[in-house]
Number of protein chains: 4
Amino acid sequence: MNLGRLNFDRPLIHKIIIMSPRTKEQIEEIRNTRINEIFDASLELFAENGYHRTSISMIAKKAGIAKGLIYNYFKSKEDLLTLLVIDGFGDFKELMISKYKKIDSKEKFRQLIDDSFNLVMQNKHHWRLYYSLLLKTEIMNLISNKLYEMFMPFMKSITEYFIIKGSRNPKTEAILLFSAMDGLCIGYFSAPKIFPFDEATKILTEKFE
Amino acid sequence: MNLGRLNFDRPLIHKIIIMSPRTKEQIEEIRNTRINEIFDASLELFAENGYHRTSISMIAKKAGIAKGLIYNYFKSKEDLLTLLVIDGFGDFKELMISKYKKIDSKEKFRQLIDDSFNLVMQNKHHWRLYYSLLLKTEIMNLISNKLYEMFMPFMKSITEYFIIKGSRNPKTEAILLFSAMDGLCIGYFSAPKIFPFDEATKILTEKFE
Amino acid sequence: MNLGRLNFDRPLIHKIIIMSPRTKEQIEEIRNTRINEIFDASLELFAENGYHRTSISMIAKKAGIAKGLIYNYFKSKEDLLTLLVIDGFGDFKELMISKYKKIDSKEKFRQLIDDSFNLVMQNKHHWRLYYSLLLKTEIMNLISNKLYEMFMPFMKSITEYFIIKGSRNPKTEAILLFSAMDGLCIGYFSAPKIFPFDEATKILTEKFE
Amino acid sequence: MNLGRLNFDRPLIHKIIIMSPRTKEQIEEIRNTRINEIFDASLELFAENGYHRTSISMIAKKAGIAKGLIYNYFKSKEDLLTLLVIDGFGDFKELMISKYKKIDSKEKFRQLIDDSFNLVMQNKHHWRLYYSLLLKTEIMNLISNKLYEMFMPFMKSITEYFIIKGSRNPKTEAILLFSAMDGLCIGYFSAPKIFPFDEATKILTEKFE
DNA sequence: GATGAATGAGCGTTCATTCAT
DNA sequence: AATGAATGAACGCTCATTCAT
């Protein structure tokens with residue numbers, strides 16, 4: 001036996017099977033999926049029961065995850081709420097920017113009102129939640145900046161339309177229209193089965209166009 | 001007899017008190033006073049902090065009574081809430097019955113709208129609370145009968161006025177007006193310092209009168 | 001039948017058996033009893049397991065009460081801890097004030113040291129707890145004022161004794177003595193079965209007297 | 001052959017990576033580096049916030065590694081703690097063995113005390129941590145053997161010195177000195193800004209030399 | 001070796017409600 | 001009628017630890 005032929009310092013060449021950690025992209029994808037699952041579960045529960053009567057446990061159960069995981073993605077229940085609300089305005093914001101920067105005809109005005117109400121009806125959970133928070137000062141303070149950013153384009157376009165129309169007080173008339181639309185949505189959400197939503201929106205449009 | 005053996009410090013198991021006689025009326029009066037004290041305290045605290053952030057302890061402290069006593073008058077916190085809300089509509093109901101059974105002129109219509117908004121402004125706490133509950137299904141279910149009783153006279157008078165005016169869809173137009181008024185009030189409560197409430201109500205009246 | 005003879009307005013005389021609410025004294029007594037029960041349970045558990053490893057549940061269970069009740073008496077777990085620690089210094093404070101305002105002989109100095117160590121041995125739980133907190137900055141900040149008030153008389157008397165003895169640096173020597181005593185106690189608590197506490201305190205006294 | 005039918009985007013179940021060969025030494029080196037990074041991060045955080053208020057996440061973040069990796073090197077958080085404490089005594093142990101096996105003069109005794117305190121001041125984080133654990137029975141049980149091994153040479157040398165000096169109870173006097181030193185260090189760590197550490201250590205030395 | 005998403009037990013705390021007095 | 005001590009379920013949240021990758 002000649003041990004001298006063996007070189008113990010020579011690096012051993014292995015083939016090592018290594019479970020690589022997930023790539024950043026994979027993690028990003030997981031996170032997005034999870035966040036959306038949490039959003040979906042929260043939105044439904046908040047809209048159904050209200051914020052205070054919905055517990056983190058309920059959300060976790062509905063989303064099919066462990067309670068603690070929610071805190072990997074959101075700092076607190078309140079943080080989840082505000083991000084959820086803001087997230088829900090995405091479509092509205094986009095619509096305003098892409099289509100209604102300028103309203104120069106009665107026809108376009110009608111379309112704006114119509115599209116707005118349609119968006120609400122397509123995202124009922126979100127808008128119901130939003131309206132249920134309108135009088136919660138502490139929540140509104142947290143998202144008022146975002147709300148301003150969201151609704152200002154709408155208000156601006158409407159106001160300009162009323163100026164063109166020759167309104168005596170275009171700004172206030174825009175606020176009134178806005179409030180009336182809110183009132184209709186709230187009325188609808190308060191009693192969806194019996195509220196004559198479509199007819200009422202039609203009359204509203206006629207009164208302001 | 002050895003009085004020394006009697007322990008006068010021994011606690012009395014029951015204290016039997018011979019009450020100064022109270023008539024049923026006196027008792028009723030005490031109850032009403034207490035209930036109003038509890039209502040006042042609750043209303044203020046609910047308006048300030050919201051329902052969930054107001055505890056029974058806080059209400060008791062503010063009303064100057066013991067926690068347990070509240071349960072002599074109300075079955076539960078929710079029961080207190082619903083009775084409180086209903087109680088606050090008293091003025092509105094009375095006004096509708098006494099003054100606006102029949103609206104037969106533009107002038108009277110204007111007065112109705114004006115008086116309604118004034119009532120809201122005079123009982124801000126109550127109306128703020130009411131609006132904050134509008135989308136809480138479980139609360140609304142409990143008081144919907146009372147609400148119907150309260151608002152139906154108003155709706156009826158308005159609808160009749162719109163019929164007289166020749167509206168194509170008087171009932172829906174009444175609902176729209178009603179919703180718009182709610183929207184204005186909610187808008188006002190949401191941002192009382194900057195909301196152009198008086199101007200907006202004026203324009204609203206003009207649009208519907 | 002002559003109903004006219006009945007006076008329905010005449011107040012009805014009842015004997016009403018009323019369960020009177022507890023008197024203030026009774027309540028005060030209950031509260032003191034409860035507080036002491038909580039103190040006893042906490043002291044033992046904190047001394048045994050440390051502050052962080054002792055949960056409010058454990059304290060409640062040991063005290064034989066419901067978890068929530070602890071919060072009727074203490075604002076928080078930290079509040080309980082600080083009040084508990086301060087409470088435990090009562091004897092020491094009293095001893096210093098009543099007996100050791102002035103130390104004018106070697107004999108009295110010996111007695112002071114002896115009495116101090118005896119107090120520690122008589123309230124082992126308290127002193128063990130205190131020493132276990134010495135390096136917890138956030139706790140010490142909360143009670144440092146009380147500690148100052150507690151130990152200053154001791155330090156003052158000792159310092160004066162060292163001045164009389166002609167020490168070059170009486171204040172620092174007092175601090176050294178104080179620290180050495182702490183060191184002995186900590187050493188004892190760290191290994192009570194094998195630490196030669198009595199012999200060590202004797203030598204300590206000889207070195208400083 | 002139809003390559004088009006192969007889905008190259010299909011995620012690989014395992015990624016088999018052929019590692020560049022690593023010698024055992026290299027692996028060992030990596031491990032030591034990691035362990036020291038974890039030690040450094042832990043020591044600082046424990047000293048800053050205490051053991052219970054420092055989470056594994058915080059340590060991982062500070063050490064710049066992933067949470068899970070810590071469990072490759074330590075069985076548990078408590079395991080990390082004990083190994084960290086023991087590791088920190090290295091200098092002290094070495095000093096005792098190399099320089100103070102025999103103390104045969106007042107001069108050398110003074111040097112020992114001085115060097116000991118200097119070591120503490122040079123490794124404040126470590127010693128503060130050690131003292132904060134002195135009364136945690138469950139931790140001390142885990143490291144008592146190591147502590148014995150660490151401090152016994154010190155105790156032995158001191159005891160022998162006191163024997164030479166003709167002390168009546170050299171062993172207990174050594175324990176007393178040891179405890180007093182601990183007391184001084186704890187006093188210093190408890191209030192580093194105002195504690196007269198240097199003066200106190202000088203007086204201590206004089207009393208025992 | 002390295003990652004960080006995921007778990008779930010357990011924490012301190014709150015509070016509507018009960019009940020002996 | 002009135003008191004407030006007492007309860008205990010439930011809450012939001014933390015974190016040591018695991019494990020698929």
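Residue numbers begin at 1 in each chain, while the letters A, B, ... track the order of the sequences.
A salt bridge is defined here as a Lys NZ or Arg NE, NH1 or NH2 lying under 4.0 Å from an Asp or Glu carboxylate O, and D:Glu28 with D:Arg31 fails to meet this definition.
Straight-line distance from the OH atom of C:Tyr73 to the P atom of E:dT14: 16 Å, rounded to whole Å. A:Arg53 places its CZ atom 13 Å from the P atom of F:dA10, with the value rounded to the nearest Å. B:Lys61 has its NZ atom 20 Å from the P atom of F:dA2, to the nearest Å. Here the P atom of nucleotide E:dG1 and the CD1 atom of D:Ile38 are 11 Å apart, to the nearest Å. Between C:Ile30 atom CD1 and E:dC19 atom C1' there is a gap of 12 Å when expressed in whole angstrom units. Here E:dG8 presents its C1' atom at 15 Å from CD1 of A:Ile56, a figure rounded to the nearest Å. In this structure, A:Asp79 atom CG and F:dG12 atom P are separated by 14 Å, rounded to whole Å. Rounded to whole Å, atom C1' of E:dA2 lies 11 Å from atom CD1 of A:Ile27.
A donor-acceptor pair is defined here as one N or O able to donate and one able to accept, closer than 3.5 Å; such a pair exists between the side chain of B:Lys77 and the backbone of B:Thr54. Using modelled atom types, one side-chain atom of A:Tyr51 and one backbone atom of A:Glu78 make a donor-acceptor pair closer than 3.5 Å. A:Asn36 places a side-chain N or O within donor-acceptor distance of the main-chain N or O of A:Asn32, the cut-off being under 3.5 Å.
Across all strands shown, the partner of F:dA20 is E:dT3, judged by Watson-Crick or G-U wobble contacts whose two distances both fall under 3.5 Å. Using Watson-Crick or G-U wobble geometry with both donor-acceptor distances under 3.5 Å, F:dT14 finds its partner in E:dA9.
Between C:Asn72 and C:Ser55, the residue whose closest nucleotide on DNA chain E is further toward the 5' end is C:Ser55. Comparing D:His52 and C:Arg34 along DNA chain F, the residue whose closest nucleotide (by nearest heavy atom) sits nearer the 5' end is C:Arg34. Each of A:Arg31 and B:Ser76 was matched to the nucleotide of DNA chain E holding its nearest heavy atom; the match closer to the 5' end belongs to A:Arg31.
The listed nucleotides are E:dA5, E:dG12, E:dT21; the one nearest the side chain of C:Lys77 is E:dG12.
Within 4.0 Å (heavy atoms only), C:Leu69 reaches at least one base atom of the nucleic acid. Among the protein residues, B:Phe74 comes within range of no part of the nucleic acid, since none of its heavy atoms lies under 4.0 Å from any strand. Residue D:Thr33 is classed as having no contact, given no heavy-atom separation below 4.0 Å to the nucleic acid. Using a 4.0 Å heavy-atom distance criterion, C:Ile65 is classed as a sugar-phosphate-only contact.
Under 4.0 angstrom from either OP1 or OP2 of F:dT17 there lies at least one side-chain N or O belonging to D:Tyr71. The side chain of D:Lys67 contributes no N or O atom lying less than 4.0 Å from OP1 or OP2 of E:dG4.
You'll find the ring centres of C:Phe74 and C:Phe39 inside the 6.0 Å limit.
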